Q: 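Below is a structure I'd like to ask you about.
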2 protein chains.
Amino acid sequence: MGSLDRSLIAGLPVFEGVAAADLDRIVGQARSLRIAKDQPVFEQEQEAHSFFLLLDGHVRVMKSTPDGHEVTVRYISPGELMGIAHALGRTTYPANAIAAVDCVALAWPSQLWPTFAADFPSFTTNTYKTVGSRLQDAHTRVIEMSTEQVDQRVAHALLKLVKQTGKKTEEGILINFPISRQDIAEMTGTTLHTVSRLLSAWEDQGLVKSGRQKVTVVEPHQLLLIAEGRVEKS
Amino acid sequence: MGSLDRSLIAGLPVFEGVAAADLDRIVGQARSLRIAKDQPVFEQEQEAHSFFLLLDGHVRVMKSTPDGHEVTVRYISPGELMGIAHALGRTTYPANAIAAVDCVALAWPSQLWPTFAADFPSFTTNTYKTVGSRLQDAHTRVIEMSTEQVDQRVAHALLKLVKQTGKKTEEGILINFPISRQDIAEMTGTTLHTVSRLLSAWEDQGLVKSGRQKVTVVEPHQLLLIAEGRVEKS
DNA sequence: CGCATCTTTGATTAAAATCAACCCAAGTGG
DNA sequence: CCACTTGGGTTGATTTTAATCAAAGATGCG
């Protein structure tokens, strides 16, 4: 318990410009927690008691609709904040957050937010930059859904994941957590069948290698051409 | 020019909790401007020199894609902020804003944002609430695009517009600015043809009345049933 | 080994885009 | 004041895309 110290968070973009002493104060009020694979970090509509910083692992943020559809909003990578409902004037979480793998996170009680905002202006500014870029992302998603065909959207999604969590292997760049066809479908507004067909076709063309809950991008540049619609479908 | 005073903005949700004296200071630094119909308030990628408060009229915020598609992000109604790129850590505007009708707005230089944020905490909080709800809206849009059919999305869009800007008439509730089939298509990710067919069908069923750049919703409740997919298509 | 979950692939269908005309209303300018 | 032009709008026919329906294969875990 006494093992939390500022080295955990120093150097993260969200804490850029925050003084070392302030980092200590911030970390001092956090509790650390581990979340097992497939367990929730927080749940849609729940009282937003805490906000979180993911230290290790990957978390999938998703919304469920009344009629049983699931839409994946984003994946959170280490170093990112999540559950910051309070910063946006909400008192409940807007989505479900599920650990995609075993995770480690820091958590602060939500009622600390106003204090943090007042005492650590750099942290506040950085947080709102994060919010700003998430708003951007969401708008980009809307535009993609409005103007692109599924193959472009799936290609974009894979490239985004590769950029966010890609790990070099000798075969190409691996998306570094278990991800199913269904998961990709939920990110792109399509069905697992269509995703499966696309991945099969791309595998035949040597653009990707994929297996059970595993995708490796072999030719990112080719995939980008598909994402931008600059290539004929075969 | 000396005619700007706090009565213009007192009572707006964004200024809730701000002291009267502070309102004076805020208004004192604004310049007021009028924007003629179809003229831009600001443009995508431009340096974000100012942020705005719409006093009167309606502004369409839209993004253009490289390949010539236009996607409408939202309509701004009187009392709402726009162009607050700076609050989100951006230095350029993320979208185009075009006056849908003749408009009146207040504008502040963007460099005032940090000062405002420091001096008027209620204003800051309220602004981030706005940002939060726009993030919500964007996610809702993504979910709608992922899980609903066009008729549901168009119905949802009409209901949203009606709620935002609806004006009671003896025929029903009129969307209070000129809006074409094409505009609705750009809000819902479909084509003007499909929108036209839907509106024609709904007109036959007596749910809406529509004409050139004009839509009146006659039976909001019926439209809601369509929006929620709880009604068979004829 | 057996069962849960994923994945693949074929056949069919449904939804909406695209292609193609044509109509109508509202300005504009001679 | 009227002809003409332009920007919407409607509607039919056709085509495309991707969902849905259906049935088997893999894969990996307990």
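It should be emphasised that the depicted structure is a prediction, and the values quoted were computed from it without experimental measurement. To find a chain, count down the sequence lines: A is the first, B the second, and so on, and within it residues start at 1.
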Q: Measure across A:A227 and A:Q152 and return the closest heavy-atom pair with its distance rounded to 0.1 Å.
A: O-NE2, 3.2 Å
Q: Is A:S133 reaching over with its side chain to a backbone N or O of A:T130, donor-acceptor style, under 3.5 angstrom?
A: yes
Q: To the nearest Å, how far apart are A:K37 NZ and C:dT5 P?
A: 13 Å
Q: Judged by atom type as modelled, is there a donor-acceptor pair below 3.5 Å linking the side chain of A:T65 to the main-chain atoms of A:H69?
A: yes
Q: With a 4.0 Å heavy-atom cut-off, tell me which residues in residues 61-71 of chain B come close to DNA chain C, sorted by residue number.
A: none
Q: Measuring from atom CD1 of B:I173 to atom OG1 of B:T169, what distance do you get when rounded to the nearest 0.5 angstrom?
A: 8.5 Å
Q: For a quick test of reading the model, state the closest non-hydrogen atom pair linking A:C103 to A:L54 and the distance between them.
A: CB-CD1, 4.0 Å
Q: Sequence neighbours left out, what pairs pass ring-ring contact (aromatic ring centres under 6.0 Å, His included) with at least one residue falling in residues 162-193 of chain A?
A: A:H58-A:F177, A:Y75-A:F177
Q: Assess whether a salt bridge exists between B:E70 and B:R60, defined as any Lys/Arg side-chain N lying under 4.0 Å from an Asp/Glu carboxylate O.
A: no
Q: Is there a Watson-Crick or G-U wobble partner for C:dC1 with both distances under 3.5 Å, and if so, which one is it?
A: D:dG30
Q: Could you check which residues of residues 141-158 of chain A get a heavy atom under 4.0 Å from DNA chain D? Sort them by number, please.
A: A:Q149, A:V150
Q: Is a donor on one side and an acceptor on the other found under 3.5 Å between the side chain of B:T194 and the backbone of B:T190?
A: no
Q: Are any side-chain N or O atoms of B:N96 and backbone N or O atoms of B:K63, one a donor and one an acceptor, separated by less than 3.5 Å?
A: no
Q: Taking all non-hydrogen atoms of both residues, which atom of A:L174 and which atom of A:K214 are closest, and how far apart?
A: CD1-CG, 3.7 Å
Q: State the syn/anti category of C:dA4 according to its glycosidic angle, syn meaning within 90° of 0.
A: syn
Q: One thing to verify: whether B:R74 and B:E80 come together as a salt bridge, which I'm taking to mean a side-chain N less than 4.0 angstrom from a carboxylate O.
A: yes
Q: Hey, does A:L207 have a side-chain heavy atom less than 4.5 Å from the side chain of A:I226?
A: yes
Q: Going 5' to 3' along DNA chain D, which nucleotides are the first and last within contact of chain A (any atom under 4.0 Å from a heavy atom)?
A: D:dA18 to D:dG28
Q: Looking at DNA chain D, which of residues 177-199 of chain B put a heavy atom within less than 4.0 Å of it?
A: B:S180, B:R181, B:H193, B:S196, B:R197
Q: How large an angle, rounded to 10°, do the end axes of the helix from C:dT5-D:dA26 to C:dG30-D:dC1 enclose when each is built from five base pairs?
A: 40°
Q: Do A:V27 and A:I9 come close enough that some side-chain heavy atom pair is under 4.5 Å?
A: yes
Q: So, A:R212 and A:S180: side-chain donor and acceptor under 3.5 Å apart, yes or no?
A: no
Q: Closest approach of B:E43 and B:P40, non-hydrogen atoms and distance?
A: CG-CB, 3.9 Å
